[in-house]
Amino acid sequence: MAVSAPSFVSLTSLSFIFSSSSSSSSSPVKFNHHRLMKGKRSSNGRLVINCSSEMGPTSDPINLRQPQMSSVAPFGVTMNEQSYRWQRVLLKVSGEALAGDQMQNIDPKVTMAIAREVATVTRLGIEVAIVVGGGNIFRGSSWAGCSGLDRSSADYIGMLATVMNAIFLQATMESIGIPTRVQTAFRMSEVAEPYIRRRAIRHLEKGRVVIFAAGTGNPFFTTDTAAALRCAEINAQVVLKATNVDGVYDDDPKHNPNARLLEDLTYHEVTSKDLSVMDMTAITLCQENNIPVVVFNLSKPGNIAKAIKGERVGTLIGGTCNSTVART
């Protein structure tokens, strides 16, 4: 069939029969549509046909199209021009903080408070990853040596405790509409994803909260070290350490009522004064990768959102706070 370029053929009452001489099939293929076809022959001799309906031409020719990326912001993100200090953060929540008043292993009121504050900042476009501890259920370093339990085995049990906390926190967040993924340092594919760095970053870019569980996957390393490691791996800008105190003090505030809150510290001051902020491995890892650490009180309402948005709260280690927001 020869078609001059360009030409229009009405298919309202006609049926075209396309058959190939090289085909072994004896049954022709019939097309009968109430459409208009516009055909033209290209330079290489092939026939290119565009279709349009009787109501008007369509915008798409008959070909395979590449999928287009959606311009819709992830998870109800409010697209505004306001800039926050941190765009991707890692929140470290200790197991003891999840226990709340210590009446039970996990306090649902605490997990719900965390979920609601994280929700407020994810809707602003800030990417949030979380590392959870397991001390509210099992602390490996405390049980090592009991009943023949060696340190490595005790630490593995502690890693399983962090997975329990992560799944509980994930369920709480998803109950209020926050898309959340749990990734574990060793495979537990029936309950969570394995930790894959590029997949974790992709989840964050899509507006999902990622909870890292099972520490680093190795014994003898704390979840503080896991927080510093994951922060460096996913290119987060800060480690936010949520604790039961307002920040770092020059003395134990529980025993010394005159203990002074230190608002700014350097890494060297933390290590030289042996301040109990994080273990030395975690602090050293943050120092080598120039990752600031913010230590703040989890129990005060609004503190999580303030810390994530870069407002002045708690103690800042390894950086200077340029926020003009007054301390409350």
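Electrostatic pairing of E127 and R88 counts as a salt bridge here, judged by a charged N lying under 4.0 Å from a carboxylate O. Electrostatic pairing of D107 and K109 counts as a salt bridge here, judged by a charged N lying under 4.0 Å from a carboxylate O. Remark: R260 does not engage D251 in a salt bridge, criterion side-chain N to carboxylate O under 4.0 Å.
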> Between V210 and I130, does a side-chain contact (heavy atoms from CB on, under 4.5 Å) hold up when you go through it step by step?
Replying inline: CA-CA 6 Å; V210 181; I130 301 175; over 6 Å; no
> For N303 and N297, what are the C-alpha separation, side-chain angles and deciding distance, and is it a side-chain hydrogen bond (donor to acceptor under 3.5 Å, both in side chains)?
Replying inline: CA-CA 7 Å; N303 266 7; N297 194 334; 5.5 Å; no
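Counting only heavy atoms from C-beta outward, the side chains of K309 and R85 never approach each other to under 4.5 Å. Contact of the V93 side chain with the L98 side chain is registered, since non-hydrogen atoms from C-beta on lie closer than 4.5 Å. Proximity of T243 to L298: side-chain heavy atoms (C-beta onward) are nowhere separated by under 4.5 Å.
No donor-acceptor contact under 3.5 angstrom links the side chains of N244 and S299, judged on distance only. Using modelled atom types and a 3.5 Å distance limit, the side chains of N105 and N136 yield no donor-acceptor pair.
A cation-pi geometry, defined here as NZ or CZ lying under 6.0 Å from the six-membered ring centre and within 45° of its normal, holds between R230 and Y195.
The main-chain N or O of A97 is found under 3.5 Å from a side-chain atom of S94 such that the two form a donor-acceptor pair. With hydrogens and angles ignored, the 3.5 Å screen pairs no side-chain donor or acceptor of E117 with any backbone N or O of I114. For T315 (side chain) and E263 (main-chain N/O), no donor-acceptor pair under 3.5 Å exists by modelled atom type. At least one donor-acceptor pair closer than 3.5 Å links the side chain of T162 to the backbone N or O of A214.
Partners of L149 according to the side-chain contact (heavy atoms from CB on, under 4.5 Å) rule, which considers only residues two or more places apart in sequence or in another chain, are F138, W143, S153, A154, I157.
Residue Y249 qualifies as enclosed at atom OH: its count of foreign heavy atoms under 6.0 Å is above 12. By the neighbour-count criterion of 12 heavy atoms within 6.0 Å, atom CZ of R187 is sparsely surrounded, having that number or fewer from other residues, nucleotides or ligands.
Tested against V118 for a side chain to side chain contact (heavy atoms under 4.5 Å, CB included), the candidates T180, V89, V128, L169 yield a single pass: V128.
Here the shortest heavy-atom pairing between I317 and Y267 reads CG2-CD2, 4.0 Å. Nearest heavy atom pair, residue M278 against residue V239, reads CE-CG1, 4.4 Å.
Atom CD of Q183 and atom CD of E193 lie 5.0 Å apart (nearest 0.5 Å). Taken to the nearest 0.5 Å, the CD1 atom of I211 stands 10.0 Å off from the CG atom of N165.
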Identify every side-chain donor-acceptor pair in residues 282-293 under 3.5 Å, counting partners at least two apart or on other chains, and give the distances.
residue, atom, partner, partner atom, Å
T284, OG1, M280, O, 2.7
N289, ND2, L285, O, 2.8

